[in-house]
Amino acid sequence: DGIRTQIPNASKNLFRHNGLLHNIMAETEKLQSKEPTPKKMKVSEGIPESADSEWPDAWIMPDEVENQKAPNKLEPNEVVTPGVLRELGLSYWKMDADSFTYPVKSVPWDPKDAVDPRLSKIRDDRGYSYADIITVHPDHLPGYEDKVKAFFEEHIHDAEEIRYIVGGSGYFDVRDLKDRWIRVHVKKGDLMTLPEGIYHRFTTDETDMIHAMRLFIGQPVWTPFNRPCEDHPSRKKFVEEYLSPEEKKE
């Protein structure tokens with residue numbers, strides 16, 4: 001009889017235990033459904049882009065120009081804000097180019113040789129493993145005028161374009177969402193990136209001199225793909241990331 005009474009009591013205790021466990025699990029599920037697990041925030045320790053006040057001047061320019069090196073502003077001038085440039089995928093950092101020296105030409109130039117800690121940080125954050133330094137000037141670039149004309153052909157690249165202007169000045173022209181030309185006047189200390197697949201072109205300004213560092217992720221491929229190239233994978237990527245449905249239809 002003692003054994004018979006112990007077995008039912010043990011069963012009752014087991015049932016009570018299982019019931020309690022079931023209740024705890026049910027309450028836990030309710031709490032989880034009411035308080036979903038928060039998404040992990042993307043933490044970036046990189047150097048933030050420069051404030052709007054530090055960005056280069058930019059404006060809308062005519063489609064046709066007689067002198068590619070002139071400012072070529074509309075009348076009245078139509079200013080383009082940094083916000084518009086960001087919407088097109090451009091990034092910008094104002095650098096201290098006065099405190100550091102760079103060779104007139106070095107192809108390649110090891111980006112690990114950078115002594116500017118800010119440049120080193122950007123290099124590491126963005127994974128730039130190749131660099132070279134060139135000076136676009138009649139004394140330093142054979143066939144200068146022909147090369148500058150070639151730079152002015154509208155094209156895309158199949159990778160991000162990165163330029164750090166360590167001396168002189170020039171113009172980057174990029175197409176806006178309405179397919180108008182935006183002229184960006186880059187000068188010494190400007191580090192700017194253009195997204196893969198954006199239609200753009202480059203020219204020196206009327207000073208005829210720009211000293212620039214080109215950076216790249218992996219092995220450099222400087223091949224330009226001249227417009228039209230709407231079926232190019234990089235152009236399709238740009239359209240998908242930066243153009244609204246309305247502009248895609250156009």
Side-chain (Gln68) to main-chain (Val148) donor-acceptor, under 3.5 angstrom:
yes

Could you walk me through whether Asn77 and Ile60 pass side-chain contact (heavy atoms from CB on, under 4.5 Å), step by step?
CA-CA 8 Å; Asn77 183 34; Ile60 299 294; over 6 Å; no

Could you tell me which residues satisfy side chain to side chain contact (heavy atoms under 4.5 Å, CB included) with His140, sequence neighbours excluded, listed by chain and number?
Val104, Thr135, His137

Any donor-acceptor N/O pair, Asn72 side chain to Asn67 backbone, under 3.5 Å
yes

With sequence neighbours excluded, what pairs up with Asp98 under the salt bridge (charged side-chain N to carboxylate O under 4.0 Å, His left out) test?
Lys188

Would a hydrophobic clustering, with Ile, Leu, Val, Met, Phe, Trp and Tyr connected at side-chain separations under 4.5 Å, put Phe238 with Tyr199?
no

Sequence-distant partners of Pro71, side chain to side chain contact (heavy atoms under 4.5 Å, CB included), two or more places apart:
Trp59, Lys73, Tyr171, Glu206

I'd like to check the ring-ring contact (aromatic ring centres under 6.0 Å, His included) partners of His155; sequence neighbours left out, ordered by chain and number.
His157, His200

Could Lys94 and Glu49 be called an ion pair, given the rule that one side-chain N must be under 4.0 Å from one carboxylate O?
no

Ser234: side chain to side chain contact (heavy atoms under 4.5 Å, CB included) partners, not counting sequence neighbours:
Ile156, Asp158, Glu196, His232

Are Ile47 and Met213 grouped together when hydrophobic residues (ILVMFWY) are joined by side-chain heavy atoms under 4.5 angstrom apart?
yes

Is it true that Leu85 and Trp181 fall in one hydrophobic cluster, defined by side-chain heavy atoms closer than 4.5 Å?
no

When you group the ILVMFWY residues by side-chain heavy-atom contacts below 4.5 Å and let the links chain together, are Leu141 and Val107 in the same group?
yes

With sequence neighbours excluded, what pairs up with Glu87 under the salt bridge (charged side-chain N to carboxylate O under 4.0 Å, His left out) test?
none

With Arg183, which of Asp176, Asp173, Asp205 fulfils salt bridge (Lys or Arg N to Asp or Glu O under 4.0 Å)?
Asp173

Kindly indicate, with the supporting measurements, whether the criterion side-chain contact (heavy atoms from CB on, under 4.5 Å) is fulfilled by Asp52 and Arg86.
CA-CA 10 Å; Asp52 286 7; Arg86 288 194 189 94; 2.6 Å; yes

Given side-chain contact (heavy atoms from CB on, under 4.5 Å), test Thr193 with Arg126 step by step and report yes or no.
CA-CA 11 Å; Thr193 69; Arg126 299 178 70 87; 4.0 Å; yes

Excluding sequence neighbours, so at least two apart, what forms ring-ring contact (aromatic ring centres under 6.0 Å, His included) with Tyr128?
none

Where the side chain of Ser129 meets the backbone of Gly218, is there a donor-acceptor pair that is under 3.5 Å apart?
yes

Would you say the side chain of Met61 lies within less than 4.5 Å of the side chain of Leu74, judging by non-hydrogen atoms?
no

Under the salt bridge (charged side-chain N to carboxylate O under 4.0 Å, His left out) rule, collect the residues that match up with Asp208, sequence neighbours excluded.
Lys69

Is the terminal nitrogen or CZ of Arg201 (NZ for Lys, CZ for Arg) located under 6.0 angstrom from the six-membered ring centre of Phe152 and within 45° of that ring's axis?
yes

Donor-acceptor contact present, side-chain Asp190 to main-chain Lys187, <3.5 Å
yes

Counting the benzene-type ring for Trp, do Trp109 and Tyr130 have ring centres under 6.0 Å apart?
no

Can we say Asp231 and Arg235 salt-bridge, meaning some charged N sits less than 4.0 Å from an Asp/Glu carboxylate O?
no

Let's go through Leu191 and Tyr92 carefully: what are the C-alpha distance in whole Å and the side-chain angles of both, what is the deciding distance for side-chain contact (heavy atoms from CB on, under 4.5 Å) to 0.1 Å, and is it a yes or a no?
CA-CA 6 Å; Leu191 193 160; Tyr92 174 79; 5.9 Å; no

Could you tell me whether the side chain of Met192 reaches within less than 4.5 Å of the side chain of Ser91, counting heavy atoms only?
no

With a 4.5 Å heavy-atom cut-off, do Leu90 and Ile198 have their side chains touching?
yes

Asp63 vs Arg175, test: salt bridge (charged side-chain N to carboxylate O under 4.0 Å, His left out). Steps then yes/no.
CA-CA 10 Å; Asp63 280 337; Arg175 291 286 190 182; 3.5 Å; yes

Ignoring hydrogens and geometry, is there a side-chain-to-backbone donor-acceptor pair from Trp93 to Ile122 under 3.5 Å?
no

Other residues, nucleotides, ligands: >12 heavy atoms within 6.0 Å of Glu64 CD:
no

Can you get from Phe151 to Ile182 by hopping between Ile, Leu, Val, Met, Phe, Trp and Tyr side chains that sit under 4.5 Å apart?
yes

Step through the shown structure and confirm whether more than 12 heavy atoms of other residues, nucleotides or ligands are within 6.0 Å of NZ on Lys147.
yes

Any non-hydrogen side-chain atom of Arg123 less than 4.5 Å from a side-chain atom of Ser120?
yes

Excluding sequence neighbours, so at least two apart, what forms ring-ring contact (aromatic ring centres under 6.0 Å, His included) with Tyr144?
none

Non-hydrogen atoms of Val65 and Pro62 that approach each other most closely:
CG1-O, 4.0 Å

Residue list, ring-ring contact (aromatic ring centres under 6.0 Å, His included) with Phe172, at least two apart or on another chain:
Phe202

Across all chains, not counting sequence neighbours, the side chain to side chain donor-acceptor pair (under 3.5 Å) partners of Asp96 are Ser99

Test of understanding: with salt bridge (charged side-chain N to carboxylate O under 4.0 Å, His left out), list the residues that count as partners of Arg227, not counting sequence neighbours.
Glu154, Asp179

